[in-house]
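Here is the structure we will look at, set down as structure tokens.
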There are 2 protein chains.
Amino acid sequence: MKGKRDSTGFLIKQRAFLKLYLLTSIEKEPWYGLQLLDELKASFKPYGFVPQHSEVYRALHDLTEDGILSRKKVKENGSKYKEVAVYSIADKEEAKAYKKLVKADLDRCEQLLRKALKDNFS
Amino acid sequence: MKGKRDSTGFLIKQRAFLKLYLLTSIEKEPWYGLQLLDELKASFKPYGFVPQHSEVYRALHDLTEDGILSRKKVKENGSKYKEVAVYSIADKEEAKAYKKLVKADLDRCEQLLRKALKDNFS
């Protein structure tokens, strides 16, 4: 959960937040060629959050490096040569454990925000 | 509300969060020599958030630069020579307007966290 910068433990990092969504999405169905990416981005838009593609790629990369996701190349439907990357869950237990960590951090962050609303606006 | 880094609009920045607390605290009573700093830090500790002194100083500096706070030097109680900085609200309307902006962002962040809890854990 630690980034490269020293953390003061403020709010959850964007990377961890995206990894959580990627795991939940890929648990439901494997990702073929990032076709779900725009859907994911659209769902955050009403909240003013527009993640960069590069940040999503890095999150996928991290999860693959850590052995939680696996990535393989398959021929794209209807194409003889074009290949797309397919991401699927490689280690269900690790995926579950990681999600549990992120949940604890989301709960903590929600409490910190509520505290700030209470301390400053009531 | 924008930092120097490009923002993807993820969660509120630590600087804005600290500025909010500083304004609320200084609205109640002027800050003499940062004596309230440790109290502020202690209140975040149960939430795993330990802001650096340097970050609090930068927040005070920003608010002073923006004309929302004023800073003056006064003789410390009981001391003939030692001076401490006193921070007080210089522009009540601006302070109020800034807090309103931060409140909107806190509300947005709380909704984004709730969405993540719902989307991934229900």
Side-chain angles (χ1 to χ4, degrees), chain A residues 1-2 5-28 39-41 43-56 95-96 98-122, chain B residues 1-2 5-28 39-41 43-56 95-96 98-122:
Chain A
M1 302 274 289
K2 292 262 175 182
R5 282 178 297 160
D6 279 343
S7 177
T8 54
F10 184 47
L11 298 175
I12 188 169
K13 295 278 183 282
Q14 185 186 164
R15 184 80 54 93
F17 188 90
L18 291 174
K19 283 158 89 173
L20 169 65
Y21 267 92
L22 291 170
L23 288 176
T24 300
S25 180
I26 295 169
E27 272 169 358
K28 286 178 195 150
E39 210 174 288
L40 189 62
K41 289 180 72 169
S43 84
F44 296 134
K45 217 177 166 187
Y47 300 85
F49 172 40
V50 185
Q52 303 283 314
H53 274 225
S54 58
E55 193 58 35
V56 179
K96 207 173 144 184
Y98 184 77
K99 284 179 70 171
K100 200 176 162 185
L101 274 179
V102 178
K103 182 175 187 314
D105 206 23
L106 286 174
D107 287 336
R108 178 189 70 80
C109 292
E110 202 191 358
Q111 284 164 23
L112 184 57
L113 293 181
R114 275 200 203 150
K115 172 183 165 59
L117 286 164
K118 184 171 160 284
D119 288 351
N120 296 283
F121 302 102
S122 66
Chain B
M1 301 270 291
K2 293 261 175 185
R5 285 178 295 162
D6 279 343
S7 176
T8 56
F10 184 47
L11 298 175
I12 188 169
K13 296 277 182 283
Q14 186 186 164
R15 183 80 56 92
F17 188 91
L18 290 174
K19 283 158 90 173
L20 170 65
Y21 267 93
L22 290 170
L23 288 176
T24 300
S25 181
I26 295 169
E27 273 169 358
K28 286 177 196 150
E39 210 175 290
L40 189 63
K41 289 180 73 168
S43 83
F44 296 135
K45 218 179 166 185
Y47 300 84
F49 172 40
V50 185
Q52 304 282 315
H53 272 227
S54 57
E55 193 59 35
V56 179
K96 208 173 145 187
Y98 184 77
K99 285 180 69 171
K100 200 176 162 186
L101 275 178
V102 178
K103 182 173 187 314
D105 206 23
L106 286 174
D107 287 336
R108 179 190 69 81
C109 292
E110 201 190 1
Q111 284 165 22
L112 184 58
L113 293 181
R114 276 200 202 149
K115 173 182 164 59
L117 286 164
K118 184 171 159 283
D119 288 350
N120 295 283
F121 302 103
S122 65

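Note on naming: letters A, B, ... go to the chains in the order of the sequence lines (proteins, then strands), and numbering restarts at 1 for each one.
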(request) Measure A:F10 against the heavy atoms of chain B and call it side chain, backbone, both or neither at under 4.5 Å. (result) both
(message) I'd like to know which of B:K103, B:Q111, B:R114 tops the heavy-atom pair count under 4.5 Å against chain A.
(response) B:K103
(message) Using every non-hydrogen atom in the two residues, find where B:R108 and B:I12 come nearest and quote the distance to one decimal.
(response) NH2-N, 4.3 Å
(request) Measure distances from A:S25 to the heavy atoms of chain B and classify the residue's part below 4.5 Å as side chain, backbone, both or neither. (result) neither
(request) Taking the side chain as every heavy atom from C-beta outward, state whether B:V102 and B:K19 have any pair of such atoms under 4.5 Å apart. (result) no
(request) Kindly indicate whether the side chain of B:L18, heavy atoms from C-beta on, has any atom under 4.5 Å from the side chain of B:F44. (result) yes
(request) State, yes or no, whether a side-chain contact exists between B:F49 and A:L11 at a heavy-atom distance under 4.5 Å. (result) no
(request) Flag the one option from B:L23, B:D107, B:L112 with the top tally of heavy-atom pairs under 4.5 Å to chain A. (result) B:L112
